[in-house]
Every structure is written in C-alpha cells, then in structure tokens.
2 protein chains.
Amino acid sequence: MPTISDVAKRSGLSKSTVSRVLNNYPHVSEEKKERVQKAMAELEYTPNPSARKMRGALTTTIGVVVTRIVNPFFSYLVNAIEQVAYEQGYQVVVFQSNEDQEKELSFLQLMQHKQLDGIIMASIENDEEVIETYLAYGPIVFVNEYIQHMNTVPSVRINHIAAAYEGVMHLLNQGHRRIAYCTGGLFEQQGQSDDRNIGYKKALAEKGIEVDPQFVFVNKHTIEDGESVGRAIFQMKEQPTAVFTGSDEVAAGVIAAAHELNQRVPEDLAVVGFDDQPIAKITYPKLTTIKQPVDDMGRLAANLMIEALNGTTPTENETVLETKFVERDTT
Amino acid sequence: MPTISDVAKRSGLSKSTVSRVLNNYPHVSEEKKERVQKAMAELEYTPNPSARKMRGALTTTIGVVVTRIVNPFFSYLVNAIEQVAYEQGYQVVVFQSNEDQEKELSFLQLMQHKQLDGIIMASIENDEEVIETYLAYGPIVFVNEYIQHMNTVPSVRINHIAAAYEGVMHLLNQGHRRIAYCTGGLFEQQGQSDDRNIGYKKALAEKGIEVDPQFVFVNKHTIEDGESVGRAIFQMKEQPTAVFTGSDEVAAGVIAAAHELNQRVPEDLAVVGFDDQPIAKITYPKLTTIKQPVDDMGRLAANLMIEALNGTTPTENETVLETKFVERDTT
DNA sequence: CTGAAAGCGCTTACAG
DNA sequence: CTGAAAGCGCTTACAG
C-alpha cells in the first residue's frame, strides 16, 4: 500500500503539500496540485482511514440503529438512509440492537473514538439521560421513534396518534363496535410508544365505547403473533368484528388464521394493518392499511444528520410526516 | 477520552506494560496486571480502535456484501451471520451493492487499509480475477453465490440444480406439461447463476418435453415482477398450467395476479416458490416452495470466516447444504 | 504558497 | 518480567 510519503517522494514535494491537496486546502499552487494528483493516480494511492481518524478527522461513516433488520419496515428505512448517505459520500453501518440496552450502548460508544461521525436511531432502548451523554461525541438523530420533550435531538416521525385514530375511526364509521387492537408494545405505558394506544382510545371514546381489555393484544410483532391473535379472536364468545393491528405482518397473520378457520375477511372480521409494506398487496383479500412514508422518513433523517455533521443547525427540530390511510379489501 | 498513557500514569507503569495486559501478552506479573486493570476500570478506559488498526492489528470487523438488504433472504442471512459474529466478538457491517460492480469493488477495498478483517460475499458482481486480487488483504468467503471452479475461496451454498429439479419434477409428476419458469438472472448464461436453469431443463428433458421460450421469464425479482408475469401468463393463448418461480416474492405476485383475474390457484395455475420466507405462509392458498436453510448458511459462512481469521485452514472448501421441498396448497 | 517537525494512541522489537 | 524508543500514516500549527 502506498502511503502519503510515497506520494510526496514521487511528486518531489512534502507530505504537508500532499496532505493539503488531499483535503482541498485552498492555498496550493495549481502546478504542484497537479503534480500531486498525478503521483496519486500513478501509485493508485488511497489514504488510510485509520490514520485520518486518529488525527480526529471525520470518518464519513454514519451508524443506524434498528431493533431487527429482518423487519421490512427497518430494512426499507435503512435502504432510504443509505441512498442519501451514499450520494453525499457517507458510508452507513447498520446495527441491530435486538432491543438490548447494552448492545445499543456499545454502538453509541463507537462515536467516542470517532469510529462513527453520528448515529441515527430508529429504535431507542436507553433513557434520555444516557443518550444525552453521547451527544458530546457526535450528533444523534431520531427517526421513527422519539423521546417526548427531548429537544436536544432532532426527530423525524409520523403522528402515531392521528394514524391510529384514523384507522380505528374508519372501522367505527363502517359500523363496527367491537374492535380489537394489537400493539407491538404495551397498552399502559409512557412516551411515544403509547401514542397509537391513545389514538385507539380516543376514537373509541368519541363514539362512547369503552375499551374491552379482552380485545387488547400486547407485544405482537410477527406473522406468527398475528396467527395466534386470529385464533384467539375466533374462539371468543363475543367476538370482535374488526381488528386494528400494529403492523402489516401481524395483520397478515390474522388473515391467515381466518382462512384456516374458514372465516371470511372482512365479513366475519375486518382487518386494518400498519406500514403498507409490500406484503399488504399479497394477502387475500388485499390489506387495508396505513401507509408510513418510510422512504421520506429515511431520506429526511439522513439529511438532518448530514446537516448536523456539516455544522448547520437543523431548521426543523421535530419533523412530523403524514401517514395515508389506504383502503383495500379487508375492511 | 483516557488514553493508554493515562492508564500508564495512574498505574505507575509503562505504556508497554499496559499494552501487554491489554493484549493478553503472557509474561506479565500478576501484581502489575491487576494494577493495570484497576487503573483501566477507574478511568473507564477503552482502547482507540483507529490507533490499533494503524499498527496493523485486527479490526474484528467482518463485512457482508448483499445486493439489496430489503430482500428478505438477505436480511435473514445477514441476521444469522451477525448472531455468530457477535458471539465471537466480531462486528459485522453490511454493504449493499445494488448489483453495481464499482460499489462492490469499493467494499473489497476496505480490506486494504484494514478497515475490515474479511468479507463474506452473498452476491458477486466482479470477476474471479478481480476478487482474487483482494485475497492478499484478507479472507473472503462466498455464501449463497459462488464462482465455479474457484477454489481459492471457500463457499457455502445449496445445490441449486437439484432444488430446481425437484420443484419442477414435482409439477411434472402431478401431470403438468406446460410449466413456465421465472429466474432472477438470465436463461442462457454461465456459472452458478445458470444452475437452476439446468435443473429446470433437466427435469423437462427427462420427460421428453422441450423448453418453450415463451414460458421463460428472466430478470424477475419482486412482487410486482410476479404480478406482471401472472398477467402475461393468463393472457397467453396456450397457457402454462404451472409456474416455477425463483423466489417466494415473485410467486406471491403471480398469485395476486391470479386473484385479480379471477383465476384459481392451483386449479388454473399451480405455483412453486423458492426460499420459504415468512410470506410463503400468508399467500392464499399457502405457497408450495423450496426451503433454503438460510440460517445454517449464514452461521456456517460466519464460522468459516472466523476460522480463516484465526489462521485455521477451513476443513471444507465447498459446503453444499440441503434444500427441502415444502408442499403446501399452491400445487 | 511550502516544508520540517510534532503529535494523534497505539504496538513491538530491542535492551536489560 | 519491564521500560524507553521508534514507528504506523496521517494532519496541523509554526516558520518562512
């Protein structure tokens, strides 16, 4: 591997000068600049990133934390972030926390030694106080998740309350009164994860309907989870006539369970998904769902990060994107 | 950030000694070792990875190249690799090539400056000669894809020929004679990507059936691709009665098209997928497919890589895993 | 505009 | 068993 000294020797100039053209330092004469560039090309020289980092230079690497990359929502989000980052000359490295606080912490730590310039968090396991500590080492951007009232970190997200409200209200307007509800989190909790719950409760309350605890399913994420929810529903004495799920995958599982038990969707059970992933179009019937602008979210988060890295103070500290109710055939 | 000098000062020893305990160097007295460890703990010292890399030390980072992370096959593969790597103290960073040679090349280059210890390639865009060059900088392992007769790089894969043969033969045995075929690649080409084509042709040949070029769809990857394939099939004068697809996603798209056009699966068109991804269970009817042992593939590839990094010559240079034909309701 | 020198935080012969 | 010193490949004041 050729080093900066090799380039200096070959061009007959000093390492300082080579370094200056490498970093687009303004005051280098055109002539020497060309000599250096010629030498770099001939030697196929590429700077050693480790050496640069040690000098405190930027790494042009952005970290993205997600819970699980096999979740399509996250893989599409990462994809969008990567697109923007790549255009701007940044590399992105993806970290799976698996909802493990310790793991997430170890990723945050990578900023300390300049292995990462900044971190985009699409999931949050640690507390506000902990995360705040790492702000000293580089910018952090929240996307998808956020922490309420924490304005030291810019966030990009959707209005979960409104999205859930809209979905549930759609079912109510269709005449449904017994509406089951699935969430990936818990039903009684604090912070952002409670937003969809609030939307559900709000819609019900407006119609004077009380929440039936039996109809609430917590901690549901996968197709399998959805299947078991479906089976549970169809076994109930007083069955719900509709279910609002937290993700297209759970919804797809519910529909699969309906087929299994020879129940009709939407006649016996209406189903609303969340996300509008590709699978929403291959369930049968096709899934009514709430479209998240996942590409926009990723792109905006990436842009916010790059702005922060360039020292620009972000114009928006809290970007809330619109969701879109997509009516298909399961309602 | 505390440095090695801080630890040396605090423990009253030299940097050399600190470095030795850091690297588990054998000849350090128990007493000094403890003093160093105490100082490290008190200072919350963590070594600077950039400085270590510059000295040529391992980075304990493994790169994984895939075409697109939004492809579930790849996200599950990455997930499995990461699990093993994490247990062994390695970090993995994922690279999307988007089937771009240049991009892939830039990832390979990261080994040159020790940013990456080794690379697991789940997709291959560059030629054998190019890839071979980078072997000088670190180990490479192929998983999923491979290059025929290239025995300088260990590979983990399935027998694509046998898998496709089995799927097509299943249809033939059911009496189908007009069997369409979708591939993610081309139909006439060389190397590994041709393997499934060979299996298809072989099965047909055994029954004395000629390939109908009209029935061959190339370059199909997504659900949307599958839908257009389905529409094309149902428009044909002499329709195929079955289709063997290259992925569950394409198969799901075909099924969606069938629903749209009021055609029955499998009565009007039998469908076989490939991969056995989660979506295979939520199509209606449930998808008959070929299960790839994606977790095993990922785990084995990761283990091969770690062995290579530890200087062990791998026992197997070419690991071929079994696929499993999973009959559900679309055939 | 250009170069010599110091230093980033480590590791590793070389002595002892 | 332990330490002083050199060096990995860069960047950046400091002079000129």
Side-chain angles (χ1 to χ4, degrees), chain A residues 1-40 43-61 109-117 137-138, chain B residues 1-40 43-61 109-117 137-138:
Chain A
M1 283 281 87
T3 71
I4 198 171
S5 303
D6 299 323
V7 177
K9 230 168 274 166
R10 184 166 195 113
S11 61
L13 296 162
S14 72
K15 292 192 296 175
S16 315
T17 304
V18 175
S19 176
R20 286 186 188 108
V21 346
L22 215 48
N23 295 288
N24 296 310
Y25 195 84
H27 309 300
V28 181
S29 72
E30 219 29 65
E31 183 238 329
K32 317 235 157 165
K33 194 172 180 174
E34 273 163 27
R35 267 164 65 189
V36 169
Q37 282 165 340
K38 185 158 167 284
M40 293 201 297
L43 293 166
E44 295 186 4
Y45 168 77
T46 52
N48 184 326
S50 299
R52 301 185 109 176
K53 280 178 211 164
M54 253 210 7
R55 297 293 333 221
L58 287 187
T59 68
T60 63
T61 304
Q109 273 162 208
L110 291 173
M111 280 204 296
Q112 293 186 52
H113 288 297
K114 285 283 165 212
Q115 302 307 107
L116 251 36
D117 289 339
Y137 306 109
Chain B
M1 283 281 88
T3 72
I4 198 172
S5 301
D6 299 324
V7 178
K9 230 168 274 169
R10 185 166 194 113
S11 60
L13 295 162
S14 72
K15 292 192 294 175
S16 317
T17 304
V18 175
S19 176
R20 285 186 189 110
V21 346
L22 214 47
N23 296 287
N24 296 311
Y25 196 83
H27 309 299
V28 182
S29 74
E30 216 33 60
E31 186 238 327
K32 316 234 157 166
K33 193 170 180 176
E34 272 164 27
R35 265 163 66 189
V36 168
Q37 282 165 340
K38 184 156 168 286
M40 293 201 297
L43 293 167
E44 295 186 6
Y45 167 77
T46 52
N48 184 326
S50 298
R52 302 185 108 175
K53 280 178 214 167
M54 255 212 3
R55 298 295 331 224
L58 286 187
T59 68
T60 62
T61 304
Q109 272 162 209
L110 291 172
M111 280 203 297
Q112 293 186 53
H113 289 297
K114 284 286 166 211
Q115 301 308 107
L116 251 35
D117 289 338
Y137 306 109

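Since the model is a prediction, treat every value here as computed from it, not as a measurement. Here is how names work: the chains are called A, B, and so on, in the same order as the sequence lines, proteins then strands, and each is numbered from 1.
Nucleic acid contact class of B/Tyr45 (heavy atoms, under 4.0 Å, all strands): sugar-phosphate only. A/Ser16 comes within 4.0 angstrom of a base, heavy atoms only. Contacts of B/Ser19 with the nucleic acid, taken as non-hydrogen atoms under 4.0 Å apart, include base atoms.
The stretch residues 29-39 of chain B touches DNA chain D through B/Ser29, B/Lys32, each having a heavy atom within less than 4.0 Å of the strand.
Nearest-nucleotide positions on DNA chain D for B/Pro26 and B/Met54 put B/Pro26 closer to the 5' end. Taking the nucleotide of DNA chain C with the nearest heavy atom to each of B/Thr46 and B/Arg20, the more 5' of the two is matched to B/Thr46. Mapping A/Thr17 and B/Ser5 onto DNA chain C via the closest heavy atom, the residue that lands nearer the 5' end is A/Thr17.
Annotation: side chain to side chain donor-acceptor pair (under 3.5 Å) contacts of A/Ser5 (sequence neighbours excluded): none. For the side chain to side chain donor-acceptor pair (under 3.5 Å) test, no residue two or more places apart in sequence or in another chain qualifies with B/Thr60. Under the side chain to side chain donor-acceptor pair (under 3.5 Å) criterion, A/Ser14 pairs with A/Thr17, sequence neighbours left out. Applying the salt bridge (Lys or Arg N to Asp or Glu O under 4.0 Å) criterion to B/Glu30, with sequence neighbours excluded, gives no partner residue. In terms of the salt bridge (Lys or Arg N to Asp or Glu O under 4.0 Å) criterion, residue partners of B/Glu31 (sequence neighbours excluded) are, by chain and number, B/Arg35. Residues forming a salt bridge (Lys or Arg N to Asp or Glu O under 4.0 Å) with A/Arg20 (at least two apart in sequence, or on another chain): none. With sequence neighbours left out, B/Lys38 forms a salt bridge (Lys or Arg N to Asp or Glu O under 4.0 Å) with B/Glu42. With sequence neighbours excluded, the residues forming a side-chain contact (heavy atoms from CB on, under 4.5 Å) with A/Thr61 are A/Thr59, A/Gln91, A/Val93, A/Leu116, listed by chain and number.
Between A/Leu22 and A/Pro47 there is a side-chain heavy-atom pair separated by less than 4.5 Å.
Screening residues 44-53 of chain B for salt bridge (Lys or Arg N to Asp or Glu O under 4.0 Å), with sequence neighbours left out, gives no hits.
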State the dot-bracket string of DNA chain D. Criteria: Watson-Crick or G-U wobble, both atom distances under 3.5 angstrom; notation: ( ) intrastrand, [ ] crossing earlier pairs, | interstrand, . unpaired.
-> |||.||||||||.|||

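Side-chain contact of B/Thr46 with A/Gln112: a donor-acceptor pair under 3.5 Å is absent, judged by distance alone.
Contact footprint of chain B on DNA chain D: nucleotides with an atom under 4.0 Å from a non-hydrogen protein atom, first to last in 5' to 3' order, D/dC1 to D/dG9.
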